[in-house]
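In what follows, chains are A, B, ... by sequence order, proteins preceding strands, each numbered from 1.
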2 protein chains.
Amino acid sequence: MAKSKSIRMKDIADRLGVSVSTVSKAIKGSYDVSAKTREKVMKLVEELDFEPNKQAQSLLQNKSYTLGVVVPDLDNSFFGSIIRGIENIAYQNGYNLIICQSHEDSVRELSDLKSLINHQVDGLILALASSTKDLKYLESLKARNFPYVLIDRGNDDLGVSQVLVDDFTGGMNASKLLFETGCLNVAHLAGPEKLINATEREEGYKQVCEDFGFDPLVVHCEFNEEKSFEKTLQLLQKHPEVDGIFAASDRIAVGAMQAVKSLGKSIPEDVSVIGFSDLAYSKYLEPALTTISQPAGDMGEKAMKVLLETMKQSEDENVNLAEKFVYQTKLIIRNSTKEIIQ
Amino acid sequence: MAKSKSIRMKDIADRLGVSVSTVSKAIKGSYDVSAKTREKVMKLVEELDFEPNKQAQSLLQNKSYTLGVVVPDLDNSFFGSIIRGIENIAYQNGYNLIICQSHEDSVRELSDLKSLINHQVDGLILALASSTKDLKYLESLKARNFPYVLIDRGNDDLGVSQVLVDDFTGGMNASKLLFETGCLNVAHLAGPEKLINATEREEGYKQVCEDFGFDPLVVHCEFNEEKSFEKTLQLLQKHPEVDGIFAASDRIAVGAMQAVKSLGKSIPEDVSVIGFSDLAYSKYLEPALTTISQPAGDMGEKAMKVLLETMKQSEDENVNLAEKFVYQTKLIIRNSTKEIIQ
DNA sequence: GTGAAAGCGCTAACAG
DNA sequence: CTGTTAGCGCTTTCAC
């Protein structure tokens, strides 16, 4: 037996001795169909568990009720939470999500994007890969008035709506806390130089250094524990006076904590550490990690709402409204930093 | 300007003064088309960045090149890794993934499943929600010969291929290590009673208890740190003699560790703890968590390969081959357990 | 109220 | 080698 094709409207129509269009009308509820006919149809629909073929509908309506989401990674609870937020709203509005991971690779990202468009998604939510330089394709999407919104990884040149985090202020708050808790030599384990968010956090740090009259000490590092471990070791060897570390991400903070401990120094007494993102497990580290939390779920929901809005607009006229929503971070004080000095 | 429709074959055909079918043939490469015509067509295809409408192709071929994946959760690195594995193989074979999270809710799961089928996915990979009791829909899919495979959360009654983990042996190995490292009173913080994997791990524990002549001490717990913290506190109050805890998951282990520490006991000297799953951060806990790792990525890849195979079969005859692939776990010894006594 | 007919974008026979 | 034709499953005029 080959794969059984699913039931079509024609099957129902034949069984009932009516036409396909009558069945279609009955199911839609619109148009005039006699109550009797509708009842008969609906009964059979229930019985056979019939659902109209979305592909055929899409072809006709030029809508697929499917949305694309491209994020750098999924094994990070940050984007996981963002997707959960997106999903909440998408689900309520009858949309399905095709989720792709770019793995921070712009080649993969481009291919994902094309494949998604190719699958006739009605819209996109995208967190740019950190390596993405070439925006030609995204520009062409914009030019074609294809609805998409950027999340977390922003870009002002594209002229599309964005849902972002105020990384600069977050970076400032993190750095400030370190100084306010008595640290005198605060270093920054910054993220990749090409990543806008990382750069913003770094700028926040530098601003605070200036305010406190401290000469910035920045080391760049990838977003993983191993690299961070190495870099921190080097940093502390070269600068044993460092007594506070602002890590650009919780994963970097974890590596830093490991390194600090391996040197026999204690946290936060000898070296205070603060992270960024508040990953799910950060509160279970020892000491529990002080960090900056981002409202990932809210951001996902917002992005999805904005996308819905954008899709509505692009159906009508070219309103071309590119809004920018910037979420504030929250300082989560735990035990990897000292008490604030009054 | 309303949303610009994308380019169709007809647009290319018109521009070139040829027929649509000629364009189609030229693009496919199959059939006979003169080299000159093909060249002209391809040039325009490049220029306009044309991609055939997948919906239309699907409608015709009754294939969508889209697959559905339903997992309980995404903010857990276990299913994240599984998806990464699935994605690897799917991507290589030109398939897109629609990923849904059931949030362990069988109602949501059913609705996801229906929506996916409705979107004409060519196949499914599913990790059953722990609450799923009613298998009617899945049985009907199976009856209709719709290709799908089960991952991690197995079920033998469905008669479909499965990619699983040997949770029983994993549970045995975890429990055994505790006894072998000198623990005399090994308790088990088991997972939800309805979850097959948890039950298997529990059975493994009980088997080992029998081997070591110990009376099993089991406490059931949800897969989260807070509940585990409470349960562990209660357990240790009631049974202060407990000197080893086998937690059914790393998240449960984390809560247990917190509770043990809060009682002023040290790990592993006073109480040894072992988890299950080897989450990304488990090695960064203090002490680093001894645990049982599952080859999630490999499982994802395997499931996708099996699905590919199943889809091929269902196109041909009803081969109906339901294989079961059981992966072995690996014991990862870190610092939350003591040295093995020779 | 109902059905016939056209068509969404594409592919696959079949003529020519 | 190329074009005509029919049709995938569905919706939507437009007659009747």
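- The ring-ring contact (aromatic ring centres under 6.0 Å, His included) pairs that include a residue from residues 98-122 of chain A number zero, where partners must be two or more places apart or lie in different chains.
- Within a 6.0 Å radius of CD in Gln61(A), more than 12 heavy atoms belonging to other residues, nucleotides or ligands are found.
- Within 6.0 Å of atom CD in Glu47(A), more than 12 heavy atoms from other residues, nucleotides or ligands are found, so the atom counts as buried in its surroundings.
- The base of dG9(C) lies outside donor-acceptor range of the side chain of Lys54(B), with no N or O pair under 3.5 Å.
- Regarding Leu60(A), its CG atom lies at a distance of 18 Å from the P atom of dG7(D), rounded to whole Å.
- Protein atom NZ of Lys40(B) is 14 Å distant from nucleotide atom P of dC1(D), rounded to whole Å.
- OP1 or OP2 of dC10(C) has not a single side-chain nitrogen or oxygen of Gln61(B) nearer than 4.0 Å.
- Per the geometry, CG belonging to Asn53(B) stands 18 Å off P belonging to dG7(C), to the nearest Å.
- Regarding Gln120(B), its CD atom lies at a distance of 11 Å from the C1' atom of dC8(D), rounded to whole Å.
- We find the OG1-NZ distance between Thr22(A) and Lys40(A) to be 10.0 Å, quoted to the nearest 0.5 Å.
- The phosphate of dC10(C) has neither OP1 nor OP2 within less than 4.0 Å of any side-chain N or O from Ser24(B).
- Using a 4.0 Å heavy-atom criterion, one finds that Thr37(B) contacts the sugar-phosphate atoms exclusively.
- As judged by a 4.0 angstrom heavy-atom cut-off over every strand, Ser21(A) is placed among the base-contacting residues.
- Atom pair Arg8(B):CZ and dT11(C):P shows a separation of 14 Å (rounding to whole Å applied).
- Nearest nucleotide to the Ala56(B) side chain, out of dG9(C), dT2(C), dT11(C): dG9(C).
- Arg153(B) places a side-chain heavy atom less than 4.5 Å from the side chain of Ser130(B).
- Listed nucleotides dG9(C), dG9(D), dT2(C) differ in distance to Lys25(A); the shortest reach to its side chain belongs to dT2(C).
- Put simply, the side chain of Asp105(B) never gets that close to the backbone of Ser102(B): no donor and acceptor are under 3.5 Å apart.
- Taking the ring centre of Tyr327(B) as origin, the terminal cationic atom of Lys302(B) falls outside the region bounded by 6.0 Å and 45° from the ring axis.
- Considering only side-chain atoms of Pro52(B), the nucleotide from dT2(C), dC8(D), dC10(C) that sits closest is dC10(C).
- Here the P atom of nucleotide dT11(D) and the CD atom of Glu51(A) are 12 Å apart, to the nearest Å.
- Here Ser34(A) lies in heavy-atom contact (under 4.0 Å) with sugar-phosphate atoms only.
- Of the charged side-chain nitrogens involved, at least one lies within less than 4.0 Å of a carboxylate oxygen, so that Asp112(B) and Arg108(B) count as a salt-bridged pair.
- Only Met9(A), Val20(A), listed by number, bring a heavy atom of residues 9-20 of chain A to less than 4.0 angstrom from any atom of DNA chain D.
- Atom P of nucleotide dG9(C) and atom CG of Asn62(A) are separated by 7 Å, given to the nearest angstrom.
- Rounded to an integer number of Å, the gap from Leu59(A) CG to dC8(D) C1' is 9 Å.
- Proximity of Gln57(A) to the phosphate of dT11(D): a side-chain N or O atom is located under 4.0 Å from OP1 or OP2.
- Closest to the side chain of Thr22(B), from the set dG9(C), dT2(D), dT11(C), is dT2(D).
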